Amino acid sequence: TGEFKNVTGQYFNGYSTEAINGEFNSFDSAPAVSSDGTKLAYVRFDGDFQKIFVMDLATGLNQQMTFGRFNDNSPSWSEDGKYLVYTSDKDAGIWNVYVLNLETVSAKQVTNLFGGAFTPKFVPGRTDHIDYIAYQQYDQYGNFIYSNFEAFRLEMRTPVKVHDVG
């Protein structure tokens, strides 16, 4: 097996570093702290797929939030701590934006973009608006194909799809 890196914390005395989740057998990344500072959402890559976990920072308890044979990434909290917005390649291997309701543990796909959507964040003070970056395959100067990313704001109304994540 290969060597894994991890989300780590360093004690302020500067002498020791340990894995935030207490494990070094996976690659953990993309940490996002809830607005009240009590929870940490992060992505765990186990060598096959990336999944979203939430850790209670007071107890150290980790809970896997997404499951399946696809990748989930870029978690970000709503200000009220009730939702996580993230990207997933669940639908045909194309990255799109999903919103996970942490109370019902159900996910809604809120974009359906051929080129993919990335790095979603809730608009401050809102749980119905999300900012994200999307890949635009062609530019306005003659359909040249190259990396052309644009920022978008999504006002959520009807989800594209609703998924059970358990």
Side-chain angles (χ1 to χ4, degrees), residues 4-7 20-21 26-36 39-56 62-166:
F4 289 100
K5 303 283 187 222
N6 218 319
V7 175
I20 293 291
N21 65 12
S26 62
F27 177 84
D28 297 335
S29 63
V33 177
S34 61
S35 62
D36 65 4
K39 293 186 170 71
L40 176 76
Y42 64 95
V43 175
R44 173 173 287 173
F45 178 66
D46 64 6
D48 291 320
F49 298 100
Q50 302 167 352
K51 295 295 157 205
I52 295 176
F53 284 73
V54 171
M55 173 191 253
D56 183 307
N62 286 290
Q63 182 177 1
Q64 185 171 349
M65 303 307 298
T66 59
F67 301 85
R69 298 186 58 77
F70 46 85
N71 294 292
D72 304 311
N73 209 325
S74 305
S76 181
W77 293 90
S78 62
E79 282 186 11
D80 62 10
K82 294 180 180 179
Y83 303 94
L84 283 174
V85 62
Y86 65 98
T87 56
S88 180
D89 67 358
K90 180 176 192 160
D91 192 16
I94 298 170
W95 292 96
N96 273 290
V97 176
Y98 292 73
V99 175
L100 176 64
N101 181 322
L102 295 170
E103 292 174 356
T104 64
V105 194
S106 63
K108 296 178 181 179
Q109 181 180 342
V110 296
T111 64
N112 189 21
L113 303 173
F114 178 74
F118 310 93
T119 62
K121 305 281 183 220
F122 280 103
V123 172
R126 305 292 298 260
T127 57
D128 62 344
H129 284 71
I130 297 170
D131 289 338
Y132 64 93
I133 303 296
Y135 175 72
Q136 301 297 302
Q137 186 174 5
Y138 300 103
D139 76 356
Q140 67 272 24
Y141 299 110
N143 297 333
F144 294 105
I145 300 174
Y146 63 91
S147 294
N148 186 8
F149 290 91
E150 294 183 32
F152 293 91
R153 176 161 289 170
L154 169 73
E155 181 179 352
M156 293 187 295
R157 293 191 176 127
T158 304
V160 175
K161 293 180 184 175
V162 178
H163 300 275
D164 178 16
V165 295

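When a residue number appears, it is its place in the shown sequence, counting from 1. What you see is a predicted model, and the numbers here were worked out from it, not measured in a lab.
Pro120 is listed as a side-chain neighbour of Ser74, based on a closest heavy-atom distance under 4.5 Å. For the pair Gln50/Asp72, no side-chain contact is recorded, criterion being any heavy-atom separation below 4.5 Å from C-beta on. Between Leu113 and Tyr132 the shortest side-chain heavy-atom distance falls below 4.5 Å. The shortest side-chain heavy-atom distance between Asp80 and Phe122 does not fall under the 4.5 Å cut-off. Side chains of Leu84 and Trp77 form a contact here, defined as non-hydrogen atoms less than 4.5 Å apart. Looking only at side-chain heavy atoms (C-beta outward), Val99 and Ile130 come within less than 4.5 Å of each other. With contacts defined as side-chain heavy-atom distances shorter than 4.5 Å, the pair Lys82/Thr127 does not qualify.
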Begin with the C-alpha distance, continue with both residues' side-chain angles, and end with the deciding distance and a verdict on side chain to side chain contact (heavy atoms under 4.5 Å, CB included) for Asn62 and Tyr42.
-> CA-CA 10 Å; Asn62 286 290; Tyr42 64 95; 2.7 Å; yes

Does the pair Tyr98 and Lys90 meet the rule for a side chain to side chain contact (heavy atoms under 4.5 Å, CB included), with working shown?
-> CA-CA 10 Å; Tyr98 292 73; Lys90 180 176 192 160; 3.7 Å; yes

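Here the straight-line distance linking atom CZ of Arg126 with atom CD of Glu155 works out to 7.0 Å at 0.5 Å rounding. Atom CE of Met65 sits about 10.5 Å away from atom CZ of Phe53, to the nearest 0.5 Å. Between atom CG of residue Asp56 and atom CD of residue Gln63 there is a gap of 10.0 Å, rounded to the nearest 0.5 Å. Once rounded to the nearest 0.5 Å, the distance linking NZ of Lys108 with CG of Leu100 reads 11.0 Å. Atom OG of Ser88 and atom CG of Asn71 lie 7.5 Å apart (nearest 0.5 Å). Atom CG of Asp128 and atom OG of Ser78 lie 11.0 Å apart (nearest 0.5 Å).
Side chain of Glu79 to backbone of Gly125: a donor-acceptor contact under 3.5 angstrom is found. With hydrogens and angles ignored, the 3.5 Å screen pairs no side-chain donor or acceptor of Thr87 with any backbone N or O of Phe118.
Figure legend: Lys51 and Phe45 shown without cation-pi pairing, the cationic atom not lying both under 6.0 angstrom from the six-membered ring centre and within 45 degrees of its axis.
A side chain to side chain contact (heavy atoms under 4.5 Å, CB included) with Asn112 is found for one member of Val97, Asp91, Ile94 and no other, namely Asp91.
Checked against side chain to side chain donor-acceptor pair (under 3.5 Å), Asn96 has the following partners two or more places apart in sequence or in another chain: Thr111.
Across all their heavy atoms, Ser76 and Ala32 have their closest contact at CA-CB, 4.5 Å. What you find for Pro75 and Tyr86 is that their closest heavy atoms are CA-CB, 4.0 Å.
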